[in-house]
Structures are given as C-alpha cells and as structure tokens.
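Just below is one structure, and these are the notes that go with it.
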Amino acid sequence: MENSILKVPAEIKYLPKIRNYIEYRALQKNYSEKIIHAVKLATEEVCTNVIRHGYKDIKNGTIQIEVISKRNSLTVNIIDQGQTYDPKQVKDPDLNEYVLSGKMGGLGIMMIRKLMDEIRYKVTPRGNELQLTKYRQQISDSRFSKLWLFFEKTFKSQFLAYGSLIFFFG
C-alpha cells in the first residue's frame, strides 16, 4: 500500500491541481483511464461541494487529498474542516420528478455513488473525512464516465479556466 498527500486552499481554482495530482498518482500505479476518470470526477464533485457548502461561511479553509493505492483499489480520502455533511443521509432523487421540475444541480451525490464502489464518511480529530474507493475489476462504462471523458477531451482548456464540471450543469 502506498499513499500520498496534497493540501490546497479550499478554492475552485485549485480543482485542476487536485485532478492532476490524482491522475499522476494513479498513472504511477497503472490504473486504467476509466478508473482514473471516475475517481477524478467523484473527487472533484466532493471538493466542489466542500468549497461551496462546507466552507460557505468559513474563510481560509483547506482541503487535504490523500491518494491511497493498493494492488486492487484506488482510494481518495478527502479531509476538510468545514461544516459536517454526511452524504449517506441523502437519498437519491427521483429522476423523472427531477427532470419534470426543471431543477438544476443536486445530482452530485447520486453521481458519486454511481461512479465509486465504496464511500465512507466520518468525523475525526482531523476534520470531515470522506473516503472514495474504486476497485480495478469493478469499473463499468457508466454514462458519467463517458460524459467526463467527452468533456475533458473536448473542453480541456475550459476545464482549466473554470475548474469544475459543475459549471457546465449549473
């Protein structure tokens, strides 16, 4: 098992650094492009929520990213000191109702659940810890992974400029 740590200010402009860090660490351990993209997308969604909601009324927050690679899994542990929020308490929305209502946003946790194999949350002395794990043998061709690949290849410069897929979806 090998792990490494990145600590950045809780600001949208640092999302590309987080994505690049995860990709670099995962490529070192020969993870597939599908796994890497799934983990990057899920991590970016979590970090965007931490920045926008967890640190909403808190200045100078940080996000710590720990990448833990094992032989058969890639885990990202996201640590912050913002407001607590347990994603396990959130139910997936009814997509038919969601579409009919015209609502924008609010699908991030559902997307994370679809992309990742394990999600664990706990509050520790270090802060809020959300652990996302993806296994090598369980990657699927999800719509979210395909969408991420499309946007990353097509709009790479816009991602670097805006820092988040969330800007494309509201």
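- Across all non-hydrogen atoms, the minimal contact from G82 to I58 is CA-CD1, 3.9 Å.
- Linking ILVMFWY residues whenever their side-chain heavy atoms come closer than 4.5 Å, directly or via other members, leaves L74 and Y24 in distinct clusters.
- The shortest non-hydrogen separation linking Y135 to D117 is N-OD2, 2.7 Å.
- Residues satisfying the side chain to side chain contact (heavy atoms under 4.5 Å, CB included) test with K59, not counting sequence neighbours, are none.
- Taking CG from N49 and CD from E45, the interatomic distance works out to 4.5 Å, rounded to the nearest 0.5 Å.
- Following chains of ILVMFWY side-chain contacts shorter than 4.5 Å, one can reach L130 starting from V123, so the two form part of one hydrophobic cluster.
- The salt bridge (charged side-chain N to carboxylate O under 4.0 Å, His left out) check on R120 picks up E118, with sequence neighbours excluded.
- For S73, the side-chain hydrogen bond (donor to acceptor under 3.5 Å, both in side chains) criterion is met by no residue, not counting sequence neighbours.
- Between the side chain of K29 and the backbone N or O of K70 there is no donor-acceptor pair closer than 3.5 Å.
- For the side-chain contact (heavy atoms from CB on, under 4.5 Å) criterion with R25, the lone passing option out of I36, I65, V67 is V67.
- To the nearest 0.5 Å, atoms CE (M116) and CE (M111) are separated by 11.0 Å.
- Applying the 6.0 Å contact sphere to CG of N60 captures no more than 12 heavy atoms from other residues, nucleotides or ligands.
- The minimum heavy-atom distance between R136 and I35, with the atom names listed, is CA-CD1, 3.3 Å.
- Minimum heavy-atom separation, I78 to C47: CG2-SG, 4.2 Å.
- The nearest pair of heavy atoms linking Y121 to N128 is OH-OD1, 2.9 Å.
- By the 4.5 Å heavy-atom criterion applied to side chains, L6 and Y14 are not counted as neighbours.
- Among T43, L132, L41, the one residue that satisfies the side-chain contact (heavy atoms from CB on, under 4.5 Å) test with I112 is L132.
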Side chain to side chain contact (heavy atoms under 4.5 Å, CB included) for Q64 and I5? Distances and angles first, verdict last.
CA-CA 7 Å; Q64 183 172 309; I5 299 171; 3.6 Å; yes
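- Distance check, rounded to the nearest 0.5 Å: NE2 of H53 to CD of Q83 gives 10.5 Å.
- At least one side-chain heavy atom of L15 sits less than 4.5 Å from a side-chain heavy atom of I51.
- Follow the hydrophobic side-chain contacts under 4.5 Å out from V46 and you reach I12 in the same cluster.
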Quick one: do E66 and R126 satisfy salt bridge (charged side-chain N to carboxylate O under 4.0 Å, His left out)? Show the steps, please.
CA-CA 13 Å; E66 296 177 349; R126 298 191 309 170; 2.8 Å; yes
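- Donor-acceptor pairing under 3.5 Å is lacking for the side chains of T75 and Q131.
- Residues T62 and Q81 have side chains in contact (heavy-atom distance under 4.5 Å, counting atoms from C-beta outward).
- For the 3.5 Å distance criterion, the side chains of D80 and Y55 fail to qualify, holding no donor opposite an acceptor.
- Separation of atoms NE2 (H37) and NZ (K134) is listed at 13.5 Å; rounding is to 0.5 Å.
- When all heavy atoms of L115 and A42 are compared, the pair lying nearest together is CD1-N, 4.0 Å.
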